There are 2 protein chains.
Amino acid sequence: MSTSPKQPSEAEAPGAADAGPDAPWFEPGRVPEQRPGKAGGKRDRNRQERTLGLCAAALGEFLERGVERVTVDEITKAAGVAKGSFYRYFEDKGQVVDALFAPLRKEMEQAFSECAGALARAGSSAELSAAYQALAMRLGQAALREPRLVKLYLQECRGPAEGARLPIRQLRDSITAAAVALTEVAHRQHLLRDLPPKITAFAVVGAVESLLIAFFEGEDLGSPTDAAQALVRMVLEGVGQR
Amino acid sequence: MSTSPKQPSEAEAPGAADAGPDAPWFEPGRVPEQRPGKAGGKRDRNRQERTLGLCAAALGEFLERGVERVTVDEITKAAGVAKGSFYRYFEDKGQVVDALFAPLRKEMEQAFSECAGALARAGSSAELSAAYQALAMRLGQAALREPRLVKLYLQECRGPAEGARLPIRQLRDSITAAAVALTEVAHRQHLLRDLPPKITAFAVVGAVESLLIAFFEGEDLGSPTDAAQALVRMVLEGVGQR
DNA sequence: TAATATCATGACTTTTCAGTCATGATATTA
DNA sequence: TAATATCATGACTGAAAAGTCATGATATTA
């Protein structure tokens, strides 16, 4: 132990570091509790590399064959790592999914709650719109940071909340709840036509998801910019107040 | 063989019978080729019962735990039948999924193709609208016949086209293709606003799916009639020509 | 550099599941 | 009713996947 420069007990979360521009987009589920070596030492870097490699490999396999069908052996083989190493860093497949989605979930929940706060403080309809736009920006950026994660989410989010898919379903529940809540605010503020806000919320979320999937599956939707514009037009004219 | 009153070679499909009001909503994948006993005899009824029971049990399990996670043992246990019996009627889990969706797929494909025909023959925009409405009716009725099948479809249709999920993905591809094709016709006929028809199609399909899921998951969307009406309003005003 | 603790490895054990088959039960037919 | 073929059963086999662990390798620390 000695007088090491850092207190291991309350260091920042192992994989997240300080969220720099290319901080890993996931958090290792369980780096062994006792981790010797200084923060930037070789051991530390090795651990980083292993967890990152495993997560990346797992993401690829998940996308190709579905979370349920992928085995730990496949993940380790794709990562070029022995099976035992997998179990050093993760308890099971589910924890990898957890690690993959943790940062996205955190970012989204923060974005939602900040948007809700802005809406509560807003005095004019211009301020309301600005809050929604800011939210859309943040979500878009979060999605763009690791698009394959979004694809995995879309692919798995409807399955039963069982086993490894659990964290994905939780993310979906949180997105659904936020969409409904935000829509209800908009509705109360008469930003929306007089349609049931829940229905509006689900319809819009569904439309966005469907277009994203089409995009990911290589459908030719024209330029992303044009597609996004078309979507916005549809939504505004379909559900927005005249 | 003797002079049995029926020619076994070209009898109607084993499970479908004549599609009466409560004809089974699936087709057994493989009733053993040689099947003794007259068409309505005890043996025949037993076979019917077994396949139907297995399909129903499988559907329940699939909904609860997802197609991939469900094992043959679980299905047979839920159906109250020995494992060996399963393999008498189905080659594997995938064939059960096949059997579950076969009639729905058939009905949908027929509905799509007839709608396409009606559109081709249509001379006025009123006739065009009528064709779309007829399609919507048929699809709605097909869905209402076995709603849990629709739920299973929604739950599984986004997963990778692997293993037992294959037939579900095929159904999705056919739905997607039809939606795009029909929307393109509508677009050419200036029934739709000048938005890319593909984008319109995906958005609408996505919105419908999302609302269906919300409904199945017990969200309170008000009365189904009102919800449907709200959806139609949104779609018409969001994508329809003014 | 030597001592020590963590780390990586893949063979091994255990568990789970798919698919088979000998056996007794049941419907059909002569 | 007797003879016969199909049918239902669940114990069994083999394969696949999960999860473990003794061993040698590597980084850290004194």
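Remember, predicted model here, so these are calculated numbers, not experimental data. The figures that follow rest on heavy atoms only: side chains count, while hydrogens, waters and symmetry mates do not. To find a chain, count down the sequence lines: A is the first, B the second, and so on, and within it residues start at 1.
When both pairing distances are held under 3.5 Å, D:dA17 makes a Watson-Crick or G-U pair with C:dT14. Using N1 to N3 plus N6-O4 or O6-N4 for Watson-Crick, or N1-O2 and O6-N3 for G-U wobble, each under 3.5 Å, D:dA25 pairs with C:dT6. Here D:dC12 sits opposite C:dG19 as a Watson-Crick or G-U wobble pair (both hydrogen-bonding atom distances under 3.5 Å). D:dA30: Watson-Crick or G-U partner is C:dT1, with both key distances under 3.5 Å.
If you measure from atom CG of A:Asp73 to atom P of C:dT9, you get 14 Å, rounded to the nearest angstrom. Rounded to a whole Å, the CZ atom of A:Arg47 is 11 Å from the P atom of C:dT6. Separating the CZ atom of B:Arg50 from the P atom of C:dT26 is a distance of 12 Å, rounded to the nearest angstrom. Between the NZ atom of A:Lys83 and the P atom of D:dA22 there is a distance of 17 Å, rounded to whole Å. In this structure, A:Glu68 atom CD and D:dA16 atom C1' are separated by 16 Å, rounded to whole Å.
Residue B:Thr71 is in sugar-phosphate contact alone, with no base atom involved, counting any heavy-atom pair closer than 4.0 Å across all strands shown.
Closest to the side chain of B:Arg88, from the set D:dG19, D:dT9, D:dC7, is D:dC7. The side chain of B:Val81 lies closest to D:dT9, out of D:dC7, D:dT9, C:dG10. When each of D:dA8, D:dA17, C:dA5 is scored by its nearest atom to the side-chain atoms of A:Arg43, the top-ranked nucleotide is C:dA5. Nearest nucleotide to the side chain of A:Tyr87, out of D:dA18, D:dG10, C:dA18: D:dA18.
Looking at B:Lys93, its side chain has no donor and acceptor atom pair within 3.5 Å of the base of C:dA18.
Side-chain nitrogen and oxygen atoms of B:Tyr89 include none within less than 4.0 Å of the OP1 or OP2 phosphate oxygen of D:dC7. Using a 4.0 Å cut-off, some side-chain N or O of A:Lys42 falls inside it from OP1 or OP2 of D:dA27.
With hydrogens and angles ignored, the 3.5 Å screen pairs no side-chain donor or acceptor of A:Lys93 with any backbone N or O of A:Gly163.
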